[in-house]
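To find a chain, count down the sequence lines: A is the first, B the second, and so on, and within it residues start at 1. For clarity, every value in this text was computed on a predicted model and none was experimentally measured. All heavy atoms count here, side chains included; hydrogens, waters and symmetry mates do not.
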Amino acid sequence: MFPPVDKDRGFPERELDVLRFWKERNVYQQTLDARDGAPPFVFFEGPPTANGMPHPGHCLTRSIKDLYPRYKTMRGYRCERKAGWDTHGLPVEVEVCKELGIHSKEEIENFGIEPFIQKCQASVWRYMNEWERLTERLGFWVDLKHAYVTYHQSFIESVWWSLKNLFDRGLLYKGHKIVWWWAQGGTALSSGEVGQGYREVADPSVFVKFPLLDKDGEPTDESLLVWTTTPWTLPSNQFVAVNSAIKYVTAIDEESGEKFVVAAELLGTLADKTKRKLRADTSPVDGAGLIGERYIPPFECYRDKYDTMAQLANGGSSYTSWRIVAADFVTTESGTGLVHIAPAFGEADFEVLEDERSQFNNDTEPLLLNAVGPDGKFTDEAPEFVRGRWVKDCDKDITRDLKSRGLLFHQEQYLHDYPFCWRAEEDPLIQYPRESWFIRTTSVKEAMIENNSKINWLPDHIRDGRFGKFLESNVDWALSRERFWGTPLPIWVCNKTGKKEAIGSYEELLDKPGVRGTEVWNNSKRANPNLVDDLRVHKPYIDAITYECSSTCDCKGTGRKERVSEVIDCWYDSGAMPFAQWGYRGEEGPSQARDRFSSQFPADFISEAIDQTRGWFYSQLAISTLLWGKQSSHESMLAKVVEKVTGKDNVVPYRETKTVPYPHPFKNCIVLGLMLGEDGQKMSKSKRNYREPNEIFDKYGADALRWYFFANQPPWTSIRYSEQSIKDSVPEFLLRLWNVYSFFTIYANIDGFSPVGSGNSSSAGTPRVPGAAPKRLLAQRSELDRWILSELNRTAAIVVERMDAYDNFAACGAITEFVDALSNWYVRRSRDRFWAADKQSAEKLDAYWTLYECLTTTAQLIAPFTPFLAESLWQNLVAKPLSGGKAGGAPESVHLCDYPTGDASAIDEQLSARMNLVRHISSLGRQARTSASLKVRQPLARVEVILADNTHQKWLEEHAAVIAEELNVKLVEFSDEPDKYVEHEVLPNFKLLGKKLGKLMPKIKPALASQSGAELLANLRDNGKVDLVIDGEAVQLLPEELEIRFKAKPGWTAANDKGVVVVLATEVTPELLAEGLARDLVRVIQDRRKETGCEFTDRIEVGVVTDSPELRAAVEMFSEYIAAETLAVRVTPAPIQGVEPVKVTIGDYSADVYIRVVK
RNA sequence: GGGCGCGUAGCUCAGUUGGUUAGAGCGCAGCCCUGAUAAGGCUGAGGUCCCAAGUUCGAGUCUUGGCGCGCCCA
């Protein structure tokens, strides 16, 4: 017996049963154990942050992350799934600050770093319960018990190991970064914060004269005309930039006689704007010709100190500052075509300086000129009249000073967007250089690009599109953060000489000579034994630890090493997870970590949404390429230097890691589209434009949500959250399949069908359920059975092919199509067999076996997609009836099965095509009935079927009974007189003829249409070609170059499509009418049976009382038929005593119907 | 302002190397079927394939330029 179908329970309730079952039987672990020793399929979990509530977007990523590992496990791989949590970073600090009611860094310091980071650590787990519950409820199988956590000591030490590796190879360095700086608050703002604060403001806009110098350094009578909207940056001017490709002229002011260099194109605009008479005094020259010219900066403050020559790397020498340099970003859209460069106050400006520096020898390169302090006030290096004042307040005085010295050419107001601090609206931000630690990613740029090119991105435009473009514009990774809650940067600096050293583990640190400061942690721990041990490698405890320098330090061992204050970008944490999740610290490190890492690297599969392009996707690729990619250009350079100095060949700098063939650290990556709210906007809590995941689970279930994600669109399209669509996936797919299962169970139990039996040995088409034994082999079964099993295996083959290509959307499409065929054709066409009286007839058993095989295999097919439904089916169809896992040898869970891959020998493409044709003809017949308003219950005499292609005609003729039954007609004829019903249309095959005929193409179709289809056909039949003359040119058309279509002639009740016409005989004779009435009556009686609560097997007696002679005649004529259909022992034309009749309308007639159960 | 992606039916989306009748599901309207039944089936209406120009015998598809939306970055 199969367990009866529980009609009262919904999908969500059954899912909870399944969850309990998985937990009790430890099924996830079993699936792993079952693949012990199997080839690995490596999955990396991109760590979410658990300090916010999970929303439907997270359900999407977690669903797709579950799908492929489940699939690959069933395909025979061992797929470990280690969960992970991202726990560091500013968002955590901000949450804690909110809680404490504080904002600035200073306030945090006043509160105390120690209690602050303790609060951060606790805050990280605030929503952990919700996350774990969601993960479980969604059916995401992942090892939460052994999750990696980025603040754990082993993780941090692993990160340290990697940073030490980079540092020792010269790939981690300290430099400057231009940031948006909130001077009053003393902190840098993230790009997100800056973006929030843009406002339109009017700033002064000044055109300033920079007098040119001649070759001897003497002033000339020409000036560079330079434009800026930030006069306060002028004292820190260092260069003037031109675009080498733009034309410049020397212009002369006809009134004053002054000469200016400006972009030729802007001369007119400038003259209009300033109402001066300017004319070109020279013919235009390329900007390239100006490069290297020197000028007098607008302020003298640095001039006496830095107006010096220095050695160039290539041998010559050059002035360090106040020269014209080339920059591509210079345009003629505004200004003068000459741009004032103050590298301290603009990212582009700073890059100019970096470029310049690279041309000088290291020790003589230009310094950064910066007359402004971090407080936003001018320093003592600035001109006296602005010293100590807030820079923005000085714009006017600076302009006035320039004017008084005759250097101001023009002045105006300029309206533009400028960022202000989002926490202090009146404070404008300034761009400002901060010291920062960088990873020299630019030195592995080519390697990253090569590595990227080997990754299988889905969709593939990510590779050369968003991600590829991003790599092309790579800049060094600004790693450090002047914050508190993060992985401390493991660099210790000599307090005497500034000599730096990287530390690769806590142990290494404690092993240093003369270590001090460990008591800070120890005391805290003693005072509070509950303190989480991992915190000892965090601020402030780690900062307290110092040690003695060794004799190899520049201080000769007289100084002490102290840690730098910064923590690192938490993106580095996430990008380090491929090795840090195991605590890997190199080949010399812990051996267990080494083994885990080597077997789980690189990943076969990862997936996140597209917003991770510059996040996790990049951080992983960059770190992996740095550690295991080809040698960086910087290292090669160092190697050459060392070689030069030492004279040794093949010198390679320190490098602890081996190279690993690309791609790594991941091979396949599904980039999910962003999930939008119900209104198409970004999902946000405040807008309430989505439902809580739990509501969805309770209402529709996790399978409904998962199927909606997998089957509704390719995963990379951005997906508009739609509760309706989730709801729809229930009847569209889940319920339809469930109904088939329910049908099977009801009748299998009535007939006592059991999959356990003394049946045949396994063979093609027999079930993949160990312990089940079918009666007959595939070849012995009916065509319908062979057809659906062919479809089943074909579907499995398609699904496997698509899933191996990470195309779940197409895979789901194939499954949906199969379930439709199973439900709407196989089951419907097999009903008679299921209802046959002889319980043991071979045909009946075949039907059960076939449907059983379809259902159990479908359960396996859908297992990775909708794991709950699959499990319910499996439990009820296999595990329970076969007492799974014990007697029968059938796996106790569907997830322990091997995935069906489709048995090629069971696939019959021809049968599939033929059955499709039958379905198509039936559909057309129904269409014809509809257009003639002849309902299917009314039998008709015959249909005529006309086929354009008679390949399958003979087969169809043998199967005419099926069509006759579907269409309720007495006779199906395949007409040999098509001309009677259809007219032909001969069309050109554009694809073939287009190449052959070219320009004549448009005339072919009308030429063919001008002749009768029948003639053309005859022509084609007799001569094997059609001859046409187009524009006097003879054209021969071969049969394959023509397409023959036909349609029903008017006057027939017919439907046509795709080379098939079905013509209906519409005449209704009295006999046919009577039969129709009988069928109507059957339906009425069946309804009545159901209403009165008859069991499927109850026998009844029926009375039909009517005034209509037609109806009486019909009852009389078809009483046997009616009795058989309705399980009636007799059908009489008289009332039945003691039974309330029901008044019914049958056709055009009314009647009283009595039914009574016969005991 | 730049990069990337998207724009097809009321909604959500498919649409092969360019080929002349642009599809599906939902929704809507009508009908049918009914012992799987709080299911199922059929039919219909509904399209300027965002706009414009170009390439081509032929463009939803390719090119260019707009417009709109989204994401990422300035």
Side-chain angles (χ1 to χ4, degrees), chain A residues 5 7 180 191-192 194-195 198 331 333 347-348 417 419 459 461-462 464-470 472-473 609-615 671 673-674 676 680-682 708 711-714 716-720 722 724-725 727-729 731-733 735-736 738-747 809-810 813 816 820 823-824 827-828 831 834-835 922-931 933-938 966 968 987-1005 1043 1045 1055 1057 1079 1082-1083 1085-1087 1089-1090 1094-1098 1125-1127:
Chain A
V5 179
K7 291 195 166 201
W180 279 109
S191 65
V194 175
Y198 275 91
T331 66
E333 271 170 29
E347 215 172 331
D417 285 324
H461 62 71
I462 299 288
D464 298 318
R466 187 173 287 209
F467 197 69
K469 289 270 158 44
F470 175 59
E472 294 285 347
S473 61
I610 191 161
D611 56 358
Q612 293 297 327
T613 310
R614 287 156 192 244
V671 183
L674 229 70
L676 305 173
Q681 305 287 319
K682 211 172 169 170
Y708 161 68
N712 257 27
Q713 64 278 306
W716 44 85
T717 52
S718 68
I719 155 171
R720 167 106 62 116
S722 152
Q724 187 59 44
S725 302
K727 192 178 171 181
D728 287 344
S729 59
E732 272 170 30
F733 180 74
L735 191 55
R736 186 182 286 183
W738 188 256
N739 277 331
V740 177
Y741 150 75
S742 158
F743 176 91
F744 171 85
T745 302
I746 289 168
Y747 292 104
F809 178 54
T816 305
D820 180 67
S823 165
N824 289 325
V827 171
R828 211 154 51 84
R831 269 190 273 210
F834 289 114
W835 296 337
S922 306
S923 164
L924 286 173
R926 277 192 291 268
Q927 195 176 325
R929 271 184 171 275
T930 303
S931 58
S933 307
L934 288 164
K935 55 189 179 184
V936 176
R937 229 182 289 124
Q938 175 60 59
E966 282 292 315
N968 194 17
L987 292 166
N989 180 328
F990 283 88
K991 210 166 181 170
L992 290 175
L993 285 174
K995 286 191 185 99
K996 177 169 155 185
L997 299 177
K999 297 204 179 205
L1000 292 177
M1001 266 324 277
K1003 300 194 172 156
I1004 302 284
K1005 194 179 171 187
E1043 192 179 334
R1045 291 184 184 159
D1057 186 44
R1079 288 190 58 155
V1082 167
R1083 188 184 62 81
I1085 297 165
Q1086 302 286 37
D1087 269 355
R1089 275 187 69 117
K1090 197 165 66 180
C1094 284
E1095 291 300 319
F1096 295 142
T1097 48
D1098 282 343
E1125 287 293 309
T1126 60
L1127 294 185

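Comparing the C1' positions of A22(B) and U61(B) gives an interatomic distance of 11 Å, to the nearest angstrom. If you take atom P in G41(B) and the same atom in G25(B), they sit 9 Å apart, rounded to whole Å. On the P atoms, C62(B) is 23 Å away from A24(B), given to the nearest whole Å. Of the P atoms belonging to C28(B) and G70(B), the separation is 30 Å, rounded to the nearest Å. Remark: the separation of the C1' atoms in U20(B) and C11(B) is 29 Å, to the nearest Å. Across the C1' atoms, U12(B) and G27(B) are found 11 Å apart, a figure rounded to whole Å. Taking the C1' atoms as reference points, U8(B) lies 7 Å from G60(B), given to the whole Å. On the P atoms, C6(B) is 12 Å away from U63(B), given to the nearest whole Å.
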Is there a side-chain contact (heavy atoms from CB on, under 4.5 Å) between Arg926(A) and Glu966(A) once you walk through the steps? CA-CA 9 Å; Arg926(A) 277 192 291 268; Glu966(A) 282 292 315; 3.3 Å; yes
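The two residues Ile610(A) and Val671(A) make their nearest non-hydrogen contact at CA-CG1, 3.5 Å. Smallest separation of non-hydrogen atoms from Val5(A) and Tyr741(A): CG2-CE2, 3.8 Å.
Relative to the side chain of Asp611(A), the nucleotides A36(B), C72(B), G41(B) differ in distance, and C72(B) lies closest. Checked against A36(B), C57(B), C13(B), the side chain of Asn739(A) finds its nearest nucleotide in A36(B). Residue Phe990(A) has its side chain nearest to G19(B) when only A14(B), G19(B), A36(B) are considered. Ranking U20(B), C42(B), G3(B) by closeness to the Arg926(A) side chain, first place goes to C42(B). Counting only heavy atoms from C-beta on, His461(A) has its side chain closest to G5(B) among G3(B), G5(B), C13(B). Closest contact between the side chain of Pro714(A) and the listed nucleotides C72(B), A36(B), A14(B) involves A14(B).
Taking atom OH of residue Tyr708(A) and atom C1' of nucleotide C11(B), one finds them 12 Å apart after rounding to whole Å. Summarising the geometry, the separation between CZ on Arg831(A) and C1' on G41(B) is reported as 11 Å, rounded to the nearest angstrom. The distance between atom CZ of Phe733(A) and atom C1' of G25(B), rounded to the nearest whole Å, is 14 Å. U21(B) atom P lies 7 Å from atom CG of Leu987(A), rounded to whole Å. Nucleotide C4(B) holds its C1' atom 8 Å from the NZ atom of Lys469(A), rounded to whole Å. Remark: C1' of C33(B) and CD of Glu966(A) are 11 Å apart, rounded to the nearest angstrom. Rounded to an integer number of Å, the gap from Asn968(A) CG to C33(B) P is 10 Å. In this structure, Leu735(A) places its CG atom 16 Å from C1' of G25(B), rounding to the nearest Å.
Between Asn989(A) and Arg1079(A), the residue whose closest nucleotide on RNA chain B is further toward the 5' end is Asn989(A). The residue among Gln938(A) and Ile462(A) whose nearest nucleotide of RNA chain B is located toward the 5' end is Ile462(A).
Taking the six-membered ring for Trp and thresholds of 30 and 60 degrees, Phe834(A) and Phe743(A) have ring planes more than 60 degrees apart, a perpendicular arrangement.
Across all strands shown, Val740(A) has heavy atoms under 4.0 Å from base atoms, whether or not it also approaches the sugar-phosphate. Nucleic acid contact class of Trp716(A) (heavy atoms, under 4.0 Å, all strands): none. If you check every strand for non-hydrogen atoms under 4.0 Å, Ser473(A) touches nothing.
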Any protein N or O atoms within reach of nucleotides 54-56 of chain B? Criterion: under 3.5 Å, listing atom names and distances.
none

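Annotation: the span from Thr816(A) atom OG1 to Arg736(A) atom CZ amounts to 8.0 Å, rounded to 0.5 Å. Considering CG of Asn739(A) and CD1 of Ile746(A), their distance stands at 9.0 Å, rounded to 0.5 Å.
The main-chain N or O of Trp738(A) is never found under 3.5 Å from a side-chain atom of Ser742(A) such that the two would form a donor-acceptor pair. Here the side chain of Ser473(A) pairs a donor or acceptor atom with the backbone of Phe470(A) at under 3.5 angstrom. Arg929(A) places a side-chain N or O within 3.5 Å of a backbone atom of Gln938(A) that can act as its donor or acceptor partner.
A sub-4.0 Å separation between OP1 or OP2 of G41(B) and a side-chain N or O of Asn824(A) is present. Remark: Tyr747(A) is in phosphate contact with A36(B), judged by side-chain N or O atoms under 4.0 Å from OP1 or OP2. Checking the phosphate oxygens (OP1, OP2) of C33(B), no side-chain nitrogen or oxygen of Arg1083(A) falls inside 4.0 Å. For Arg736(A), a side-chain nitrogen or oxygen approaches OP1 or OP2 of G41(B) to under 4.0 Å.
Using a cutoff of 4.0 Å between basic side-chain nitrogens and carboxylate oxygens, Glu1125(A) and Arg1079(A) are not scored as salt-bridged.
Pair check for G70(B) finds C4(B); Watson-Crick or G-U wobble, both atom distances under 3.5 Å. Both distances falling under 3.5 Å, in either a Watson-Crick or a G-U wobble arrangement, occur for no nucleotide opposite G47(B). Nucleotide C11(B) forms a Watson-Crick or G-U wobble pair with G25(B), both donor-acceptor distances falling under 3.5 Å. With a cut-off of 3.5 Å on both Watson-Crick or G-U wobble distances, the partner of U63(B) is given as A53(B). With both pairing distances under 3.5 Å, G30(B) is matched to C42(B) as a Watson-Crick or G-U wobble pair.
Side-chain to base pairing of Arg466(A) with C4(B): one donor and one acceptor N or O lie within less than 3.5 Å of each other.
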